[in-house]
Amino acid sequence: MLFLKLSLVVIVILALTGSFWWTISISTSSRGHIFRGYRRLQEQLVSDLWDIGELSLGPSRLKEIEFCSEEFENYIPCFNVSENVALGYSDGNEYDRLCGHGSRKSCLVLPPVNYKIPLRWPTGKEVIWVANVKITGQEVFSSGSLTKRMMMLEEDQISFRSASLMFDGVEDYSHQIAEMIGLRNESNLIQAGVRTILDIGCGYGSFGAHLFSKQLLTMCIANYESSGSQVQLTLERGLPAMIGSFNSKQLPYPSLSFDMLHCARCGVDWDKKDGIFLIEADRVLKPGGYFVWTSPLTNVHTFLRDKEKQKRWNFVRDFAENLCWELISQQDETVVWKKTNKKSCYSSRKPGSFPPICSKGQDVESPYYRPLQNCIGGTNSRQWVPIEERATWPFRSNLNKNELELYGLHSEELVVDTANYKTAVRNYWSLLSPLIFSDHPKRPGDEDPSPPYNMFRNVLDMNARYGGFNAALLEAGKSVWVMNVVPTTGPNYLPLVLDRGYIAVFHNWCEAFPTYPRTYDMVHADGLLSLETSQYRRCTMLDLLTEIDRLLRPEGWVIIHDKAPLIESARALTVQLKWDARVVEIESNSDERLLICQKPFFKRQATS
């Protein structure tokens with residue numbers, strides 16, 4: 001093997017040296033034509049070297065990857081609270097995301113012993129299998145946020161549709177918020193410019209589940225929890241969620257991302273650390289957007305009897321005013337602020353007011369887990385457009401010419417992108433039929449529906465570009481939500497995707513995605529392998545595919561669209577992952593292929 005490695009190195013050096021002298025000997029008139037062919041050879045060389053790198057790691061990498069032990073059923077790389085505590089992290093920072101060397105496990109995560117395929121949407125929104133999530137009976141019935149108390153444990157299921165007064169409270173609560181804003185009910189929030197909501201510490205997603213029927217898209221974020229996770233249960237219900245924390249780092253969203261922020265007893269102490277959490281909330285809130293806070297701290301009758309609570313409330317109220325938030329209503333335990341839609345508000349504050357405006361160097365449009373900033377961000381952004389001045393949903397998804405110019409795009413580019421993905425979605429759905437996998441074992445359980453109806457609800461687009469795949473799925477009438485990911489290694493169209501009214505996030509795919517295993521029913525990667533091979537990689541293709549396996553639910557699907565050599569490399573690696581896989585040729589493009597994969601349902605044997 002050592003001799004093979006040395007031989008390959010010598011061959012590559014000789015090839016590149018000869019190529020260099022051959023290139024400079026070509027006449028100037030013919031170089032343009034030769035260059036295109038030479039670039040294709042270079043791309044092939046990169047792909048071949050990637051394969052060689054995989055092979056040179058030895059026979060151990062050629063065999064099937066082993067399954068992880070039972071303790072890793074809910075394993076999330078980069079989130080290890082006990083290890084962080086041992087390293088000296090405290091004051092909430094132990095829940096932070098730390099992606100160091102060796103944070104990944106080179107094994108495949110198996111589901112729990114009694115795991116079952118989730119119920120189809122929309123039934124799965126209200127009922128989940130208790131074995132699919134890590135939660136104790138005590139956690140089901142424990143006190144906590146409003147939505148956490150809306151669960152009933154029924155044998156092997158958790159129900160969120162009880163007939164209790166508490167369940168009715170979500171509708172009443174949402175109605176109250178709308179009225180406090182000055183609207184008739186929550187159905188009118190869209191007319192007020194609200195489409196996307198960041199729900200901080202969302203309980204188990206019942207607020208977002210209710211608003212989903214009103215065409216409002218709610219993104220749940222909460223700290224990592226080893227058991228009783230808000231994020232895991234929300235995702236299991238088929239609702240958008242990811243692990244996210246205000247403790248010490250900025251969220252992986254651009255400035256001015258959401259139309260509303262919501263915190264109902266979310267566990268964030270907004271008055272702590274000199275208001276830095278409120279500054280981060282302000283950064284991701286669009287101009288004219290709403291901040292809704294429900295807490296005993298805001299109840300007038302409570303803090304009149306408790307001077308400490310009154311002091312804390314006064315701090316938040318005064319700080320919000322310095323952020324140019326207008327307190328528009330306060331009822332019972334709920335307060336609603338509206339962020340200014342005019343930049344002139346900041347200059348009209350008293351001299352020396354805190355927090356100051358961020359400098360251009362501090363005001364990074366799309367930060368990636370940077371330390372929290374003690375200054376007001378977003379004021380330098382080209383996307384400073386009040387929510388009232390934007391088109392309402394669903395017209396918002398089709399940005400006009402002037403809006404596209406903010407991102408350096410022409411309307412024709414978006415039209416072509418949308419048309420391409422409409423065609424792709426039609427083709428995907430025709431391919432995802434039992435016929436393409438007719439020579440593979442049938443799915444276990446007669447009660448399970450056949451593909452392509454097997455629970456396409458949670459979809460991950462690993463290289464979202466303009467959000468065209470998301471748009472095409474919605475236009476095709478698919479009952480899905482899409483986590484649009486803009487890789488840190490590619491062009492940054494993250495603000496554009498968010499402005500279209502979709503959920504989107506920044507991510508480095510050489511690191512683990514901040515979510516629990518078995519999150520997504522479908523993973524889509526268009527051009528991601530080409531993007532990653534064009535960069536200096538800290539990870540291999542196998543690392544990337546192993547992470548996809550962790551994120552994918554049993555019997556979930558993977559669709560990879562890329563150049564033929566890269567698809568063939570990925571196809572070879574699917575054997576190690578135990579996936580069922582097929583390569584599909586694309587009639588309109590002989591240089592590209594589709595790789596369609598399905599993750600089998602491997603069950604862990606119960607121990608006696």
Side-chain angles (χ1 to χ4, degrees), residues 90-93 96 198 200-201 221 244-263 266-295 297-298 300 303 306-330 335-384 386-387:
S90 61
D91 195 23
N93 295 331
D96 274 352
L198 185 66
I200 305 160
I221 62 166
S245 170
F246 277 84
N247 291 327
S248 64
K249 296 175 183 176
Q250 291 182 323
L251 297 169
Y253 308 117
S255 299
L256 319 180
S257 288
F258 296 93
D259 307 313
M260 176 183 284
L261 267 63
H262 173 254
C263 163
C266 63
V268 177
D269 293 325
W270 298 106
D271 59 309
K272 301 299 183 184
K273 297 188 178 181
D274 299 322
I276 200 167
F277 303 144
L278 285 169
I279 295 173
E280 176 64 1
D282 177 81
R283 184 187 69 82
V284 298
L285 187 62
K286 288 183 182 292
Y290 299 95
F291 183 85
V292 181
W293 184 29
T294 297
S295 168
L297 199 63
T298 66
V300 177
F303 65 63
D306 190 323
K307 296 301 180 183
E308 179 60 27
K309 286 185 177 180
Q310 184 174 8
K311 181 181 176 182
R312 295 179 62 191
W313 159 248
N314 289 342
F315 176 88
V316 173
R317 181 196 59 198
D318 295 343
F319 201 90
E321 185 177 348
N322 281 340
L323 290 171
C324 286
W325 292 3
E326 178 190 0
L327 199 162
I328 59 175
S329 187
Q330 183 172 3
V335 182
V336 178
W337 282 276
K338 183 177 176 64
K339 179 176 176 175
T340 186
N341 54 21
K342 297 178 181 178
K343 294 182 184 180
S344 59
C345 175
Y346 303 114
S347 57
S348 66
R349 298 181 304 166
K350 295 178 182 178
S353 292
F354 184 84
I357 303 297
C358 290
S359 65
K360 287 188 177 181
Q362 294 172 304
D363 199 0
V364 177
E365 184 173 68
S366 297
Y368 187 66
Y369 297 107
R370 287 200 321 161
L372 291 171
Q373 302 292 300
N374 249 325
C375 56
I376 297 174
T379 59
N380 297 304
S381 173
R382 296 169 297 171
Q383 284 78 46
W384 182 280
I387 62 172

Legend entry - Value rounded to 0.5 Å, distance of CG in Leu297 from CH2 in Trp313: 8.0 Å
Inset, instruction - Please name the pair of heavy atoms, one in Gln362 and one in Cys358, separated by the smallest distance, quoted to 0.1 Å. - result: OE1-CA, 3.6 Å
Inset, instruction - Find the distance between NZ (Lys343) and OG (Ser347) and round it off to the nearest 0.5 Å. - result: 11.0 Å
Legend entry - Where Trp384 and Asn341 come nearest, the two heavy atoms and their spacing: NE1-O, 3.5 Å
Legend entry - Side chain proximity check, Asp363 to Ser381, heavy atoms < 4.5 angstrom: no
Inset, instruction - To the nearest 0.5 angstrom, please state how far the CG atom of Leu198 sits from the NE2 atom of His262. - result: 11.0 Å
Inset, instruction - Drop me the distance from Gln310's CD to Lys307's NZ, to the nearest 0.5 angstrom. - result: 5.0 Å
Legend entry - Nearest heavy-atom neighbours spanning Thr340 and Cys345: OG1-CB, 3.7 Å
Inset, instruction - Can you sort out the partners of Asp269 under salt bridge (Lys or Arg N to Asp or Glu O under 4.0 Å), two or more places apart, ordered by chain and number? - result: Arg312
Legend entry - Sidechain-backbone polar pair: Gln373 side chain, Pro371 backbone, donor-acceptor under 3.5 Å: yes
Inset, instruction - Show your reasoning for whether side-chain contact (heavy atoms from CB on, under 4.5 Å) applies to Ile357 and Arg349. - result: CA-CA 11 Å; Ile357 303 297; Arg349 298 181 304 166; 4.3 Å; yes
Inset, instruction - Please examine the side chains of Trp270 and Cys263, heavy atoms only from C-beta on, and report whether any two atoms are closer than 4.5 Å. - result: yes
Inset, instruction - Search all heavy atoms of Arg370 against all heavy atoms of Gly361 and return the closest pair with its distance. - result: NH1-O, 4.4 Å
Legend entry - Nearest atoms (heavy-atom pairs only) where Val316 meets Trp293: CG1-CZ3, 3.6 Å
Legend entry - Rounded distance [0.5 Å steps], CZ in Arg382 versus CD in Glu365: 5.5 Å
Legend entry - Approximate separation, where rounding is to 0.5 Å, of Lys338 NZ and Ser329 OG: 13.5 Å
Using distance only, find each side-chain donor-acceptor pair of residues 277-288 under 3.5 Å and give its atom names and separation, not counting sequence neighbours.
residue	atom	partner	partner atom	Å
Glu280	OE1	Arg283	NE	2.9
Glu280	OE2	Leu251	N	2.9
Glu280	OE2	Arg283	NE	3.4
Glu280	OE2	Arg283	NH2	2.9
Asp282	OD1	Trp325	NE1	2.8
Arg283	NH1	Tyr253	O	3.0
Arg283	NH2	Leu251	O	3.2
Arg283	NH2	Tyr253	O	3.1
Lys286	NZ	Leu256	O	3.1
Lys286	NZ	Asp499	OD1	2.5

Inset, instruction - Would you indicate whether the side-chain heavy atoms of Asp259 and Tyr290 approach each other to under 4.5 Å? - result: no
Legend entry - Note, Asn374 side chain near Pro355 side chain (heavy atom, < 4.5 Å): no
Inset, instruction - Output all residues satisfying ring pair (Phe, Tyr, Trp, His ring centres under 6.0 Å) with Phe315, sequence neighbours left out; order by chain, then residue number. - result: Phe319
Inset, instruction - Search all heavy atoms of Ser245 against all heavy atoms of Asp96 and return the closest pair with its distance. - result: OG-OD1, 3.8 Å
